[in-house]
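To find a chain, count down the sequence lines: A is the first, B the second, and so on, and within it residues start at 1. All values below were derived from every heavy atom in this structure, side-chain atoms included, with hydrogens, water molecules and symmetry-related copies excluded.
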Amino acid sequence: MSYLVRNLPRHADETVTVTGWIAAVRVHARVAFLVLRDGTGTVQGVLVKSQLPTDVWELATSLTQEACVALTGVVRPDPRAPGGHELTVSSVALIGASEEYPIQPKEHGVEFLLDHRHLWLRSSLQRAGLRVRAEVEQAIHDFFYERDFVRIDTPILTGSIGESAGTLFETDYFGERAFLAQTGQLYAECACPAFRKVYCFGPTFRAEKSKTRRHLTEFWMIEPEVAFNDSNDNMDLQEDFVCSIVARAVERCGPELELLERDPVRLETVKPPFPRISYSEAVERLNDEGRAFEWGRDLGAVEETTISSWFDRPVFVYNYPKGAKAFYMKENPDDPRTVLCNDLLAPEGAGEIIGGSQREDDLDRLLARIREEDLPEEAYNWYLDLRRYGTFPHSGFGLGLERTVGWITGRPHIRELVPFPRLINRLSP
RNA sequence: UCCCGCGUAGCUCAGCUGGUAGAGCAGACGGCUGUUAACCGUCGGGUCGCAGGUUCGAGUCCUGCCGCGGGAGCCA
């Protein structure tokens, strides 16, 4: 029977077999150490030459990095072992050999690592980051499930466009133009009258030629949509949501965050309420601080960093100028120059992790906006039907999974927080 | 698309004002009872991104191209 490394402390002094991959081999004249990783943890196997048959010693000392093996031996507590327990090995079986494993336990360049992403996944920091991602994904589903949201899977191949045509990946669909979805929002909105509270969670695609630590061409986005929520309700939901998933990561991913050297104090301050500052207030304060900024322009990366530096937790910036935002956002009745929307800026330079808004629910205003932006009206016909048959106030937002996990883990580049990143210039592995 | 930086051994890098190629790691072999990215010794390993140019002589200087990284814009 095979045991999991995670459970070994419960089997002290028993003879067990563990299976996994060799992380390190250290051979001396009369003693050797094998470090084995099995996906649940790592354990050090100790081999004493004088106590082993020659063939076992020969096999064990010829093992190479990432060879797949089964080790049988007695579990012993030992303060010299990482993890407190080690395995005094009595036999070794080679399951899969590994010759000249490319990734060494030392520094490598980004390009080399990304070329070997299929192997890089085995490295400790990568495992930690991806485990946090998986926990956050589960936390997201749990959050919405517990609040009676219905998950709606929206299409990835679409014939219509989301926000702006310049950033779509185009493909051929039996002779017709098709695009990879850059948002599921318009579809989620349609499901709203069916279920009242819905969300979608899937990959989205942007053909932006961005080369920064915050951009992927394929990223995962969570987009809730709630009937009868106004813009303030929308921000309340975002606040609850973000606090919930951060708390879950802190609660369940302690060892991973420690390995990633993430200061838990920076995450424990993520509690409601988040500060809320209107776009206009933010512009005023930027100007007061001597950072000349003209009302009407969209906030750039520099401005966002400045604004988030004013606070110790994520900050909402709401009600941007109409010209800076998408056509489907509802005009602000108190200031028609602006729309009812918000971004959520994460601290520590992590930047924008959420964009949300109350949607325009008036048919004529929405049509006018589509024409203003020179968008193809026919493509939005089905979307406009939503305003023809029982239109209703509703709001939603999109949270970028990789940016959020990047902020939670404190990793410098979000490409590490997705198993196989798709970047400009990178389509494989 | 624009701005800045980088490209030398399998990997990470050094190589000064131009003088003819180096280290560590990895690999192979040898040594060492307890290592934590073990350590010590020996050996093999190069189209200095590509193409031109300047020069007696270019890894080094100049031009163009290619690739990569960071940033801007745009966005999550």
Checklist entry - What nucleotide among B:rA72, B:rC75, B:rG70 has an atom nearest to a side-chain atom of A:Glu352? => result B:rC75
Checklist entry - Between A:Glu256 and A:Arg131, is there a side-chain N and carboxylate O pair less than 4.0 Å apart? => result yes
Checklist entry - Do A:Arg206 and A:Thr204 have a side chain donor and acceptor closer than 3.5 Å? => result no
Checklist entry - If only side-chain N and O atoms of A:Arg214 are considered, is one of them under 4.0 Å from the OP1 or OP2 phosphate oxygen of B:rA76? => result no
Checklist entry - Of the options A:Glu261, A:Glu402, A:Glu416, A:Glu348, which is the one that meets A:Arg411 in a salt bridge (Lys or Arg N to Asp or Glu O under 4.0 Å)? => result A:Glu416
Next on the checklist: Say we look at B:rU60 and B:rG52: how far apart would their P atoms be, to the nearest angstrom?
Outcome noted: 14 Å
Checklist entry - Using a cut-off of 4.0 Å between protein heavy atoms and nucleotide atoms, how would you tag nucleotides 9-14 of chain B 5' to 3' with B, S and -? => result -BBS--
Next on the checklist: Using a 5.5 Å cut-off between ring centres and planes within 30 degrees, is A:Phe219 stacked on the base of B:rA76?
Outcome noted: yes
Checklist entry - C1' atom, B:rU33 versus B:rG24: distance in rounded Å? => result 28 Å
Item to check | Among B:rG34, B:rU35, B:rU33, the one nearest A:Arg26 by side-chain distance | outcome: B:rU35
Next on the checklist: Does B:rC68 have OP1 or OP2 under 4.0 Å away from a side-chain N or O of A:Asn425?
Outcome noted: yes
Next on the checklist: Can you tell me which nucleotide in B:rG67, B:rC74, B:rG69 comes closest to the side chain of A:Leu114?
Outcome noted: B:rG69
Item to check | Out of B:rG34, B:rG70, B:rG67, whichever nucleotide has its closest atom nearest the side chain of A:His413 | outcome: B:rG70
Item to check | Nucleotide nearest A:Arg206 when distance is taken to its side chain, options B:rU35, B:rG34, B:rC75 | outcome: B:rC75
Item to check | Donor-acceptor pair under 3.5 Å, A:Gln65 side chain vs B:rG27 base | outcome: no
Next on the checklist: Of the listed nucleotides (B:rU35, B:rG27, B:rC68), which one gets closest to any side-chain atom of A:His28?
Outcome noted: B:rU35
Next on the checklist: Give me the distance, rounded to whole Å, that separates B:rC43 from B:rC25 when you measure between the P atoms they each carry.
Outcome noted: 15 Å
Next on the checklist: Just by distance, no angles: are the side chains of A:His394 and A:Gln358 close enough, under 3.5 Å, to form a donor-acceptor pair?
Outcome noted: no
Item to check | Salt bridge A:Arg365-A:Glu331, side-chain N to carboxylate O under 4.0 Å | outcome: yes
Checklist entry - Which value, in whole Å, describes the distance between the P atoms of nucleotides B:rU47 and B:rU8? => result 12 Å
Checklist entry - For A:Arg415 and B:rG70, is the shortest distance between a side-chain N/O and OP1 or OP2 below 4.0 Å? => result yes
Next on the checklist: Between A:Glu281 and A:Arg285, does any NZ, NE, NH1 or NH2 come within less than 4.0 Å of an OD or OE carboxylate oxygen?
Outcome noted: no
Checklist entry - Can a salt bridge be assigned to the pair A:Glu251 and A:Arg248 using a cut-off of 4.0 Å between side-chain N and carboxylate O? => result no
Item to check | Position toward the 5' end of RNA chain B (nearest nucleotide), A:Asp78 or A:Gly400 | outcome: A:Asp78
Item to check | Between B:rC13 and B:rA51 - C1' atom distance, rounded Å | outcome: 26 Å
Item to check | Short side-chain donor-acceptor distance under 3.5 Å, A:Glu225 and A:Gln185 | outcome: no
Item to check | Separation between the C1' atoms of B:rC48 and B:rG59, rounded to whole Å | outcome: 5 Å
Checklist entry - When the C1' atoms of B:rA28 and B:rC68 are considered, how many whole Å apart are they? => result 32 Å
So which protein N/O to nucleotides 1-6 of chain B N/O distances come out below 3.5 Å?
residue	atom	partner	partner atom	Å
B:rU1	O4	A:Lys209	O	3.1

Checklist entry - If you pin A:Ala29 and A:Glu303 to their nearest nucleotides in RNA chain B, which one's is more 5'? => result A:Ala29
Next on the checklist: Should the side chain of A:Arg403 and the base of B:rC75 be counted as holding a donor-acceptor pair, with the cut-off at 3.5 Å?
Outcome noted: yes
Next on the checklist: Can you confirm whether A:Phe420 is buried at CZ, in the sense that more than 12 heavy atoms of other residues, nucleotides or ligands lie under 6.0 Å from that atom?
Outcome noted: yes
Next on the checklist: Quick one about A:Asn332 and A:Thr338 (side-chain donor to acceptor, distance below 3.5 Å, no hydrogens or angles considered), yes or no?
Outcome noted: yes
Next on the checklist: When both hydrogen-bonding distances must be under 3.5 Å and the geometry is Watson-Crick or G-U wobble, what is B:rC2 paired with, if anything?
Outcome noted: B:rG71
